[in-house]
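Atoms within each ligand, like the ligands themselves, are counted from 1 in listed order. Treat the numbers as computed from the prediction; the structure is a model and nothing was measured.
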Amino acid sequence: MTSRPSVEPFAASGIGAFDHECGVLVVGFGCAGAAAAFEAARSGADVVVLERASGPGGTSAQSGGELYLGGGTEIQKACGFDDDPGAMYAYLEAALGPNADTAKLRLYCDGSVEHFEWFRERGVPFNPTFYDAPTWMPMSEDGLMWLGENAWPYNTISRPVPRGHRPAAGGFGGGVLMERLSAAATAAGAVTHTDTLATNLVLDATGRVTGAVARKYGNTVTYRARRAVILTTGGFVDNDEMLADHAPLLLGHGKVSDGLDDGSGIRMATAIGAATRRMSVVEIALTALPAMVCRGMLVDGLGRRFLNEDVYPGHWSVHAVKHQPGPYWTIIDEEGFEDVPEPDRWGLRPKHVTETLAELEESLGMPAGSLESTVETYNRHAANGEDPYFHKDPKWLRPLKPPFAAIDPRAGFFGGGTGSATGAAGFTLGGLHTTVDGEVLNHSGVPVPGLYAAGRAASGMHGEGYVSGTSLGDGTFFGRRAGRHAGTAAIR
Ligand SMILES: Cc1cc2nc3c(=O)[nH]c(=O)nc-3n(C[C@H](O)[C@H](O)[C@H](O)COP(=O)(O)OP(=O)(O)OC[C@H]3O[C@@H](n4cnc5c(N)ncnc54)[C@H](O)[C@@H]3O)c2cc1C
């Protein structure tokens with residue numbers, strides 16, 4: 001038995017006079033909280049945002065800032081791409097699947113151009129330039145990139161169009177994104193209480209959520225919300241007990257978060273009967289570089305390829321950790337390594353370099369002949385521009401020749417580790433079960449009165465898959481919808 005902080009609800013009748021009162025109480029000031037607070041304030045509600053850290057940002061501010069948007073945005077048009085919501089839907093239904101939430105996905109794709117303009121109107125800058133190479137994140141300020149749309153089998157399901165939109169930031173753009181979104185929410189009238197950790201929800205006699213209890217500098221503070229409470233507290237990757245209960249695949253791996261994704265919002269809501277969805281679904285990123293694995297191959301601990309290396313890199317990462325025996329290796333030859341521009345190498349240097357594959361197998365602890373057999377098959381087909389096993393794009397196919405090198409994800413990018421010994425890090429995608437307007441549902445499928453959620457505290461449009469940009473994308477899109485709905489909810 002472990003003791004977890006109590007998330008049992010408080011009865012409004014037991015509180016008497018509340019310390020603060022507002023129309024809509026938003027808990028958590030990341031991207032979803034900013035979007036919800038902005039729209040609730042624009043709807044005319046007086047909004048208070050509680051944030052446990054000393055300023056807004058959350059994991060969103062530390063992110064790459066990639067936003068999955070499309071359907072024909074101005075940036076896509078300026079870069080010469082013709083897109084439509086149907087093509088976007090077809091790609092995401094496959095890439096976020098199986099079992100993507102089709103109702104949320106349809107709204108997201110149909111509303112994507114408007115959502116892009118919403119970011120621009122909030123002052124988020126996007127350059128009309130295109131980065132045309134495989135990467136987790138370009139170090140350039142280019143505004144558009146591929147996120148797996150041009151790789152098999154997705155290029156047979158939907159016309160390939162790049163939809164990775166990036167704030168002009170030169171590398172990680174989450175800081176710029178959150179600077180603009182938090183300023184917009186504040187300008188719209190939302191008031192922020194920082195260093196304030198919400199701990200419990202408040203219920204009235206009818207079971208309606210009418211506020212929250214929080215801790216600030218060691219004191220208890222109470223908030224009454226006349227219209228609604230919106231939980232935008234992020235996911236639960238920083239809570240190992242919750243991982244053990246719901247998403248044990250991530251235990252032991254690095255955590256893609258700001259360190260505060262402890263699932264507190266999800267716990268507070270489930271304590272009053274809220275339902276959750278997709279709690280086992282996770283995103284995982286291997287510390288392997290797409291630019292290198294495309295030019296060579298990604299193999300498992302038995303020297304076997306397992307996916308076309310040009311898909312969205314999260315797909316080979318999740319596949320590896322879920323289905324293949326580790327450790328995982330990028331195998332590349334000298335010509336391939338030299339072909340990667342220096343800034344795109346992210347400080348990676350091969351530790352294992354050999355003239356023969358037999359020596360490389362021995363150095364990596366692989367069964368004799370395993371990698372030799374993989375490379376022999378790969379080379380035989382690559383010589384004809386073919387990859388009959390995994391269908392990598394012919395532009396990346398070339399027989400590999402000595403000297404060969406292996407790069408270990410556990411070495412980390414830029415000379416640093418990933419925070420775990422495994423070379424993999426991730427975050428959670430499951431959360432509270434919500435309607436398309438962010439209303440939190442109970443186990444009977446009925447909205448819990450007065451309670452909304454968005455961002456990684458909720459289950460969004462993801463099925464069992466993820467592509468970059470869909471977390472910030474769905475967090476802000478459905479955060480906005482939750483804010484609008486809660487901002488016009490009846491006053492109690
Ligand atoms: C390095 C990195 C790169 C990434 N790159 C991308 C990318 O390019 N595109 C993409 O889509 N996603 C990316 N992600 C993932 C993405 O950043 C997150 O999934 C997303 O930001 C979650 O948004 P959110 O609003 O739900 O949560 P957050 O941004 O984490 O906000 C939650 C906020 O709630 C606060 N909070 C939590 N509990 C409480 C409480 N009880 N009381 C008060 N406040 C509370 C937290 O302090 C935090 O500020 C990346 C993540 C990382 C770490």
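Taking the charged nitrogens against the carboxylate oxygens, D261 and R456 have no contact shorter than 4.0 Å, which rules out a salt bridge. Classification of D262 and R4 as a salt-bridged pair fails, no side-chain N sitting under 4.0 Å from a carboxylate O. Salt bridge absent: R42 and E39 never bring a charged side-chain N and a carboxylate O closer than 4.0 Å. Salt-bridge check for D437 with R481: passed, with a basic side-chain N closer than 4.0 Å to an acidic carboxylate O. One finds no salt bridge joining R278 and D101 here, because no Lys/Arg side-chain nitrogen approaches an Asp/Glu carboxylate oxygen to under 4.0 Å.
Ligand 1 has a nitrogen or oxygen under 3.5 angstrom from a nitrogen or oxygen of G64. By the 3.5 Å distance cut-off applied to N or O atoms, D262 is not counted among the residues near ligand 1. The shortest N or O to N or O distance between M268 and ligand 1 is not below 3.5 Å. Polar contact check, L472 against ligand 1: a nitrogen or oxygen pair lies under 3.5 Å apart. Checked by distance only, ligand 1 and R52 come closer than 3.5 Å through their nitrogen or oxygen atoms. The shortest N or O to N or O distance between A32 and ligand 1 is below 3.5 Å. For a threshold of 3.5 Å applied to N or O pairs, the pair formed by L260 and ligand 1 contains no separation below that value.
A donor-acceptor pair is defined here as one N or O able to donate and one able to accept, closer than 3.5 Å; such a pair exists between the side chain of R345 and the backbone of V340.
The distance from ligand 1 to the heavy atoms of S468 drops below 4.0 Å at these ligand atoms: 7 (C), 8 (O), 9 (N). Heavy-atom contacts of F172 reach the following atoms of ligand 1: 1 (C) (cutoff under 4.0 Å). The contact set between ligand 1 and R456, taken as ligand atoms under 4.0 Å from a residue heavy atom, comprises 19 (O), 22 (C), 26 (O). Every atom of ligand 1 with a heavy atom of G469 under 4.0 Å away is listed here by number and element: 9 (N), 10 (C), 11 (O). For ligand 1 and F427, the ligand atoms under 4.0 Å from any heavy atom of the residue are 15 (C), 19 (O). Near G455, meaning under 4.0 Å from one of its heavy atoms, ligand 1 places the atoms 26 (O). The distance from ligand 1 to the heavy atoms of G57 drops below 4.0 Å at these ligand atoms: 29 (O). Listed by number with element, the atoms of ligand 1 under 4.0 angstrom from any heavy atom of S264 are 38 (N), 39 (C), 40 (C), 41 (N).
At least one side-chain heavy atom of L144 sits under 4.5 Å from a side-chain heavy atom of P162. Residues L105 and M461 have side chains in contact (heavy-atom distance under 4.5 Å, counting atoms from C-beta outward). F413 places a side-chain heavy atom less than 4.5 Å from the side chain of L289. E66 is listed as a side-chain neighbour of L147, based on a closest heavy-atom distance under 4.5 Å.
Relative ring orientation between F478 and Y108 is described as parallel, the plane-to-plane angle staying below 30° on a 0-90° scale split at 30° and 60°. Between H193 and H20, the ring planes lie perpendicular to each other; the angle is over 60°, past the 30° to 60° tilted range.
Only the backbone of T196 comes within contact range of ligand 1, with a heavy atom under 4.0 Å; no side-chain atom does. Contacts with ligand 1 closer than 4.0 Å are made by backbone heavy atoms (N, CA, C, O) of S257 only, the side chain lying farther away. With a heavy-atom cut-off of 4.0 Å, Q62 touches ligand 1 through its backbone alone. Of all the heavy atoms of D261, the ones lying under 4.0 Å from any atom of ligand 1 belong exclusively to the side chain. With a 4.0 Å heavy-atom cut-off, ligand 1 is reached by no atom of W136. Here F29 has backbone heavy atoms under 4.0 Å from ligand 1, and that is the only part of it that gets that close.
When only non-hydrogen protein atoms are considered, atom 28 (P) of ligand 1 lies nearest to T59 N, 3.6 Å. The protein non-hydrogen atom at the shortest distance from atom 32 (C) of ligand 1 is T232 O, 3.4 Å. Regarding atom 23 (O) of ligand 1, its nearest protein heavy-atom neighbour is S60 OG, 3.3 Å. Among all non-hydrogen protein atoms, the one lying nearest atom 17 (O) of ligand 1 is S63 CB, 3.2 Å. At the top of the distance list for atom 52 (C) of ligand 1, counting protein heavy atoms only, stands V256 CG1, 3.3 Å. Looking from atom 42 (N) of ligand 1 to the surrounding protein, the closest heavy atom is A198 N, 2.9 Å. Atom 31 (O) of ligand 1 has its closest protein heavy atom at G30 CA, 3.3 Å. Looking at atom 27 (O) of ligand 1, its nearest protein heavy atom turns out to be G234 CA, 3.5 Å.
In this structure, of S471, G58, G479, the residue bringing a heavy atom nearest to atom 16 (C) of ligand 1 is S471.
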Inset, instruction - Might you work through the side-chain contact (heavy atoms from CB on, under 4.5 Å) test for Y452 and T434, ending with a clear yes or no? - result: CA-CA 8 Å; Y452 292 76; T434 54; over 6 Å; no

Inset, instruction - Please assess F126 against V124 for the test side-chain contact (heavy atoms from CB on, under 4.5 Å), listing each intermediate value before the final yes or no. - result: CA-CA 7 Å; F126 298 95; V124 180; 3.6 Å; yes

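A centroid separation of 6.0 Å or more is found between the aromatic rings of Y154 and Y312. For F119 and H165, the distance between ring centers is not under 6.0 angstrom. A ring-centre distance under 6.0 Å is found for W118 and F38.
The closest approach between any non-hydrogen atom of G65 and ligand 1 is below 4.0 Å.
To the nearest 0.5 Å, atom CG of residue D83 and atom OG1 of residue T73 are 7.5 Å apart.
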